[in-house]
Each structure stands twice: as structure tokens, then as C-alpha cells.
Protein chains: 2
Amino acid sequence: MTDTPRLDPERTTKRQRTLAALADAGLELFERQGYDATTVGQIARAAGVTEMTFFRYFAAKEHLLLDDPYDPVLIVAIAGQPRADPPFLRAASGVRAAWRALPEPEAPMIRRRVRIIAQTPALRGAMWRSTGNTERAIVEQLVADGATPGVARVAAASVLAALVAGLYSWAEGEDASLADAIEDALDVIVVRR
Amino acid sequence: MTDTPRLDPERTTKRQRTLAALADAGLELFERQGYDATTVGQIARAAGVTEMTFFRYFAAKEHLLLDDPYDPVLIVAIAGQPRADPPFLRAASGVRAAWRALPEPEAPMIRRRVRIIAQTPALRGAMWRSTGNTERAIVEQLVADGATPGVARVAAASVLAALVAGLYSWAEGEDASLADAIEDALDVIVVRR
DNA sequence: CTCTAAATGTTAGTCACTAACATTTAGCGC
DNA sequence: GCGCTAAATGTTAGTGACTAACATTTAGAG
């Protein structure tokens, strides 16, 4: 769901710099004064750029926090689950595997983002809409492996909900490991064998 | 989560009439031209009223569709579950019981609303934010009955996600019974005994 | 039928976001 | 280093959701 308008791959580097400047400025301002109280204009100015330019990098204010490129990994992980298992279990195990494979160093940044999201009702909604894409992808995979669409949708939705809830809880704390938090969340829902 | 500014209970009836007019006009316009393409001004005009007045009845455009007074029933139902069961099961059974108790005649109206929501990404997000309140209430109840906050949050979130997913599937069709659809959705997640 | 509170209207403004068009600047080939 | 072009940014103007302060009408309790 990234919407950086990448026209010509690797033409310049200026683009990457302003992108980083905007992302940094946004995250800092959100943390300092809250998401709702922060204006797109403020972020742009802090990054030494115009409001218009902001929207050339992020289609919406919320996209500053909701750019997740994690979907493909997840799908592969789910596809790798044993077909004999019911869809719900396959989805859960896939999510477990995918997040266990996430590089540790990313955790702190994820934590900062998730914290802001958890604190902002508008963003919690946006988060869910964002996972809508992930959900669709999971459903596709489950159906391809023989599940009913209705069943697949419920399985995907509830597993993702557990994941997100786990992320929120994890982000509140300081020391817990991301992978462990996800494991614990999924254990609430799935009967471990 | 109703935000009709009810100042003096049962003082007049004009209020109820304009409220109904706005709700009807909104639903019809949404169905005819889509949610995003429908302007609050249009709804207001169709109801013979000013845009400003609309916002005196609904705090936001989305509230036309997301006014659910079902929470209290749900909480009672969850509280009535056997404490011996794990939180996840208690939440699921509570939801099941609550929706089984819903009066049949309400179904068609719910279907119209859910259909619009399901078709509109922005509303899917809003829907989730709206269930946030329900989620909080469920978590409170589960914790009061001895669950860990972390566990309770995951349980509540995933059960609600299953419920919503079930609602979306149900709304697509024409004839299925609401209660049955919810049952089926929850069966995907919970191991029935 | 009156009189007050409730209901509605008016005006003006903010913020997220879009579109069309003008201008600068960065970095490639030379 | 230097020019040239495409990429990056800016400008202006506008829409739609929503808020606030204040003025006006109207409905209905007495």
C-alpha cells in the first residue's frame, strides 16, 4: 500500500532525502503534540518544504504511519502452512511465522509508530482500513487452498485483529520482544498443539 | 455512542421528525450515488434543512450509519457466561447470545447499512473505530471476571472482527438469517463443544 | 395565546486534500 | 565545469467535512 509515486527507478537521491525529512518531522511532531493537533502544513514546514509537496510523497496524512510493506512475506508464510489444517489455523500460523522472521532492528521504529496509532482513534480506524488489503490477500490465499470465502474472511479478519491487538499491547511496554508479543496474542485465540 | 444532544427528555417531537428525515435522506442518497459522492449539503437539502443543522444531529457524516445502541445488551450477555470458560470463549459466546436475541424486524435496516459500509473503505475504517468502544466495554467485563488485560484485548478484538466479517458476508446475500450468519462466523474461530 | 426555550439559520473560518499550471533545481551526458 | 532536460517543487484556486459565535424563527408548554 505504498504510494510513493516512483516514476523512474533510482534516478536521483533528492527524493529520498525529502522523503526521510518528511517522515522524521512527522513522527517527531506527532509524538510531541499528538496526531490530530499536528497539521500537514507544520510537517511540511519542518521538513523545509511546501504542504503541496507533502501530498506528493504521502497520499494522506495517515500514510506517514501506515506504510507497511509486510504483506508479501505474510502471504508466502500462509501459503507454506499445511493444507490439512483448517483455514483459521493456517492464517494464524502464517502470521506467527512471518512476524518471527521480522528483523529485530525494525522493532523500535515500529513501536514508535504503533504507539501513536494506538493513542489516536482516527488512526485506529485507518489502521484497520489499511489491514483491509492484507485481509484480502490472506483471503485469496486461503481460498486458493480450498477454503470457503465466508470462512476465509472471518479467519483472516480475526487473526489480523488479534495481531493488531497484540501490537498495541506490546507498544505500550518497553522491553518485551515483538515476536514473543505476537506469539502470546495468537495463543489467546488458537488452540496450540 | 449516540450523540444526539438530547437536552430535555421528550420535550418536543419536531426533533424526531427532522432526525428521521435526515436519516432517511442520507441512507437513500448513499444507496443511490455512493457514500463518498454524497455531500452532507445534499442530505441536508433533501431533508429540507441546512448543512449546519445536519451536524447538530450527527457529529459526523459517518454517524448516519454507525449509531449502534447494541453495546449494553452485549455486555450483559458476556457477563452471563460461565467464569470457568477462558476469556476468548466467554466473549464469543456472549456475542452469539446477544445477537440471537436481536429482534428480527431490525434485520433489513441493518442489512442496508452494513451493505453501504462494506462497500466503502472509509466506512470500514470508521466501523472499526466505532467498535472500539464495544471492545473497551468487553475488555472491562472480561477483566472484571479475572482475565489479563492483554488477553482480554486480543479476545475482544478478534471476536468482534469475526462478528463484523460475518456481518459483511451476511449483508451481501438476501435471504440468510442474521443470527445464523453470526453463528457460522463464530464457529470458524471457536471450537464448539 | 403568549412567551420562552428549542430549533434552525448565517457567516466566517480551519484543515485535509485535489487539480492545473508555472518555476526551479538537480544530476546526467558531454 | 556546463548545459540541458526531466524531476522536484511551488503557486493559486477550489471542494468538502467540520467548528464556533451569534442572530432569528418557530413550536409547544402553560
Side-chain angles (χ1 to χ4, degrees), chain A residues 1 3-23 25-26 29-30 33-67 116 120-123 125-126 129-130, chain B residues 1 3-23 25-26 29-30 33-67 116 120-123 125-126 129-130:
Chain A
M1 215 199 148
D3 29 17
T4 306
R6 176 161 299 155
L7 303 177
D8 193 346
E10 310 298 332
R11 165 77 199 273
T12 176
T13 179
K14 172 97 188 285
R15 184 162 197 87
Q16 297 161 19
R17 266 181 289 147
T18 20
L19 182 79
L22 282 171
L29 284 172
F30 290 162
Q33 22 171 309
Y35 178 84
D36 291 322
T38 303
T39 258
V40 170
Q42 288 176 24
I43 301 174
R45 211 177 320 129
V49 113
T50 288
E51 188 182 335
M52 191 64 259
T53 296
F54 174 93
F55 286 109
R56 290 211 245 268
Y57 284 85
F58 300 94
K61 189 181 169 187
E62 34 173 88
H63 283 44
L64 257 182
L65 299 170
L66 296 174
D67 257 353
I116 298 170
T120 312
L123 284 175
R129 198 178 67 238
S130 153
Chain B
M1 212 198 147
D3 29 18
T4 305
R6 176 160 300 155
L7 302 179
D8 192 346
E10 312 298 332
R11 165 75 199 276
T12 175
T13 179
K14 172 99 188 284
R15 183 160 198 87
Q16 298 161 17
R17 267 181 288 147
T18 22
L19 183 78
L22 282 170
L29 285 171
F30 290 162
Q33 22 173 311
Y35 178 84
D36 291 322
T38 304
T39 259
V40 170
Q42 288 176 24
I43 301 174
R45 210 175 322 129
V49 114
T50 289
E51 187 182 336
M52 190 66 259
T53 295
F54 174 94
F55 286 108
R56 289 212 246 270
Y57 284 84
F58 300 94
K61 188 181 168 186
E62 31 172 271
H63 282 44
L64 257 182
L65 298 170
L66 296 174
D67 257 353
I116 299 170
T120 313
L123 284 176
R129 199 178 67 239
S130 154

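Residue numbers begin at 1 in each chain, while the letters A, B, ... track the order of the sequences.
- Scanning both residues, B:F54 and B:V49, for their nearest heavy atoms gives N-CG1, 4.4 Å.
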Any protein N or O atoms within reach of nucleotides 17-25 of chain C? Criterion: under 3.5 Å, listing atom names and distances.
from, atom 1, to, atom 2, distance (Å)
C:dC17, OP2, A:K61, N, 2.7

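- For A:R56 against A:R15, the heavy-atom pair with the smallest separation is O-NH2, 3.7 Å.
- The side chain of A:Y57 has D:dA8 as its nearest neighbour among D:dA8, D:dG28, D:dG16.
- Across B:S130 and B:L66, no two heavy atoms sit closer than the pair OG-O, 4.2 Å.
- Atom CG in A:L19 sits roughly 15 Å away from atom C1' in D:dA7 (whole-Å rounding).
- At the phosphate of D:dA17, OP1 or OP2 sits under 4.0 Å from a side-chain N or O atom of B:T39.
- Residue B:L64 contributes atom CG, which lies 12 Å from atom P of D:dA17 at whole-angstrom precision.
- One atom, CD of B:Q42, and another, C1' of D:dT15, lie 13 Å apart when rounded to the nearest Å.
- Checked against ring-ring contact (aromatic ring centres under 6.0 Å, His included), A:F55 has no partners two or more places apart in sequence or in another chain.
- Listed by chain and number, the residues in a side-chain hydrogen bond (donor to acceptor under 3.5 Å, both in side chains) with B:T18 are B:Y57 (sequence neighbours excluded).
- Atom CZ in B:F58 sits about 15 Å away from atom C1' in C:dA7, given to the nearest Å.
- Contact annotation: A:T18 reaches the phosphate of D:dT9 (side-chain N/O to OP1 or OP2, under 4.0 Å).
- In this structure, B:R15 places its CZ atom 13 Å from P of D:dG28, rounding to the nearest Å.
- Within the 4.0 Å cut-off from OP1 or OP2 of C:dT8, not a single side-chain nitrogen or oxygen of B:T53 is found.
- Annotation: the span from A:D36 atom CG to A:K61 atom NZ amounts to 6.0 Å, rounded to 0.5 Å.
- One can place CD of A:Q16 at 13 Å from C1' of C:dG27, the figure rounded to the nearest angstrom.
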